[in-house]
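Reminder, nothing fancy here: chain letters follow the sequence lines and each chain counts from 1. Everything numeric in this text was worked out from a predicted model, so none of it was measured.
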Number of protein chains: 2
Amino acid sequence: MFENMPCDLCASFQPENGDEWRDAARRYAVRRGQAIGDIAGTDSWCASLATGILRIDASQGAPPRTVGLIFPGQIVAHPSDADPCGTAVVAVTRSDICLHARDDLRQVTERHPGVRRLLLRSAFQTLAETRRWMLVISRPRARERVAAFLVSVAGRFPTSDHDTFDLALSRGRIGELLGLSLETVSRQIHALAKAGLIALPGRRHVKLLNRSGLGAVAGMTFRHPSGAVA
Amino acid sequence: MFENMPCDLCASFQPENGDEWRDAARRYAVRRGQAIGDIAGTDSWCASLATGILRIDASQGAPPRTVGLIFPGQIVAHPSDADPCGTAVVAVTRSDICLHARDDLRQVTERHPGVRRLLLRSAFQTLAETRRWMLVISRPRARERVAAFLVSVAGRFPTSDHDTFDLALSRGRIGELLGLSLETVSRQIHALAKAGLIALPGRRHVKLLNRSGLGAVAGMTFRHPSGAVA
DNA sequence: CGGTACATTGACTGTCATCAAGCTACGTGG
DNA sequence: CCACGTAGCTTGATGACAGTCAATGTACCG
């Protein structure tokens, strides 16, 4: 079923059907915990996420810390020359990606204006999203940050699931993302549950009971642009 | 003296000297506090900063908060379609920018591969830099954040000034950037001075006495890529 | 000379990180 | 099937730290 699912990047080629593009793009199934860099090699690469969730780890400093998430439909590019200090892109869950090597991508972007516009657009959108995240994690109250995180993740899933979704991240990793200790994350999640805003059917499963109320606690509204670039 | 100073974007045109580029680029002097958007109009735009410092304000929510800074040599692009919720780019100090309207830029990027590579590169680098900032402001200790801020700003200035530089930002705005109250910023700056790591010749002037020591307090090393995109 | 914006300093309170101890779920191997 | 180990989660106690409120101080501008 995955083999025929088009990714954003590939979809932008339908009208033209460039041969070099189809040759360049390779579909990969990524194991949980596997780094995309290990698949792509040391060179720069660019990928479109079909299914699963990826995380961006800042590899500088020990231990490495997660600084961002990538959801299906987003594009993730890793230009090794522009980011020498290093971020690694790792699969949080088993994921399916559409991977392109750097040289292939350059050739294609030369010839296809639509692709490079998509890439640039994706980069801008990811940047805007990252800046919104900065607003979240610069808030003093842990409650607001956790609520904002939940609202953000919930926004990635269709509402048809009865507003129930999987967090995919451990408490510790959520803490890294929000600048909180894992204990504080756990406490705040349960506090939101006690407040009746969410329910916790499982350890990593969350059901939204009061979406707007949760948004009010978060103190902001989220929009999710389609792009994501590391 | 400013009129002839080349910006990164313009410099990438020297070999080709495209006419349409020279026509599209306009040099502007921006007053302190003035928004670039007011100059460029409602459309998307792209600018290269020659002198001065700009700040990126997240205009969503009241009051607007500063989420990033732009230093000379960086490119700042504002794609209005990709960022509908809104960030405004405002001059912190009097600045000189090289401004391009969106339509002109699109034409130029179609014809000049170097320019679009520069833009994409700039976007990636700014994204990487923003993610490093997230690492800074997610740190629990205010001391580390303030130290990191000082190291970062200091890195923008040549070391020949005896390591003395102007902060350009008020305590309050530094606090917004770091997710701290203005009082905490003030206290931490003075604490760093008492610790002998910096000196404070003036209210907004800082002299680095122990650069590596400050970096140690900050807990990380900074590199400054040349790109910046809003 | 007064006004405004910014900065400093102090006192106090609330919150969060830290340490520590159990607890749950899950996978492995006996 | 169960014992066991590990990783993740929860919960509690405590102290440090940063936010808040408040007052004063300082530069800069007209």
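- Side-chain atoms of A:Arg204 and A:Ser170 include no donor-acceptor pair closer than 3.5 Å.
- Residue B:Arg187 places no side-chain N or O under 4.0 Å from the OP1 or OP2 atom of D:dA18.
- The side chain of B:Ser186 contributes no N or O atom lying less than 4.0 Å from OP1 or OP2 of C:dA7.
- If you check the side chains of A:Arg173 and A:Thr66, you find a donor sitting under 3.5 Å from an acceptor.
- The pair B:Asp163-B:Arg211 meets the salt-bridge criterion, since a charged nitrogen lies less than 4.0 angstrom from a carboxylate oxygen.
- Heavy-atom nearest nucleotides on DNA chain D were determined for A:Pro140 and for A:Leu200, and the one closer to the 5' end corresponds to A:Leu200.
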Please produce a list of atom pairs where a protein N or O lies less than 3.5 Å from an N or O of nucleotides 28-30 of chain D.
none

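- Helix-axis bend for the helix from C:dC1-D:dG30 to C:dG30-D:dC1: the local axis fitted to the five terminal pairs at one end deviates from that at the other end by 40°, rounded to 10°.
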Protein and nucleotides 21-23 of chain C: nitrogen or oxygen contacts under 3.5 angstrom:
none

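- Counting to the nearest Å, the P atom of D:dT20 and the CZ atom of A:Arg139 are 12 Å from each other.
- Between B:Trp45 and B:His78, the angle of the ring planes stays under 30°, which puts this pair in the parallel group of the 30/60° scheme.
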Run the numbers on A:Arg156 and A:Glu129 for salt bridge (charged side-chain N to carboxylate O under 4.0 Å, His left out), then give the verdict.
CA-CA 13 Å; A:Arg156 302 292 187 173; A:Glu129 198 181 348; 2.3 Å; yes
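- Residues satisfying the side-chain hydrogen bond (donor to acceptor under 3.5 Å, both in side chains) criterion with A:Ser186, sequence neighbours excluded, are absent altogether.
- Atom CD1 of A:Ile137 is separated from atom P of C:dC16 by 15 Å (rounded to the nearest Å).
- Between D:dC17 and B:Gln188, no contact under 4.0 Å exists linking OP1 or OP2 to a side-chain N or O.
- When the nucleotides C:dT8, D:dA18, D:dT10 are ranked by their closest atom to the side chain of B:Ala142, D:dA18 comes out on top.
- The side chain of B:Arg204 has C:dC6 as its nearest neighbour among C:dC16, C:dC6, D:dA18.
- Put simply, the side chain of B:Gln34 reaches to within 4.5 Å of the side chain of B:Ile39, judged on heavy atoms.
- Partner of A:Ile70 under the side-chain contact (heavy atoms from CB on, under 4.5 Å) criterion, chosen from A:Ile97, A:Ile53, A:Leu54, A:Val92: A:Leu54.
- For the pair A:Arg143 and A:Val217, the minimum side-chain heavy-atom distance is below 4.5 Å.
- Checking A:Leu169 against A:Arg141, the closest nucleotide of DNA chain D that is more toward the 5' end is the one next to A:Leu169.
- Straight-line distance from the CZ atom of A:Arg143 to the P atom of C:dA17: 14 Å, rounded to whole Å.
- If you take NE2 of A:His190 and P of D:dG12, they are 11 Å apart, rounded to a whole angstrom.
- Side-chain atoms of A:Leu69 and A:Phe149, non-hydrogen and from C-beta on, do get closer than 4.5 Å to each other.
- Ionic pairing of A:Arg139 and A:Glu144 is present here: one or more N-O contacts between side-chain nitrogen and carboxylate oxygen are shorter than 4.0 angstrom.
- With salt bridges taken as basic N to acidic carboxylate O contacts below 4.0 Å, none links B:Asp96 and B:Arg27.
- For the residue pair B:Arg132/B:Ser152, the side-chain donor-acceptor check at 3.5 Å is not satisfied.
- At a non-hydrogen distance threshold of 4.0 Å, B:Gly179, B:Leu180, B:Ser181, B:Glu183, B:Thr184 from residues 175-185 of chain B come into contact with DNA chain D.
- The distance from atom CZ of A:Arg171 to atom C1' of C:dA25 is 13 Å, rounded to the nearest whole Å.
- Taking the side-chain hydrogen bond (donor to acceptor under 3.5 Å, both in side chains) definition, one finds that B:Asn210 meets it with B:Ser212, sequence neighbours left out.
- Following rounding to the nearest Å, B:His205 (NE2) and D:dT26 (C1') show an atom-to-atom distance of 16 Å.
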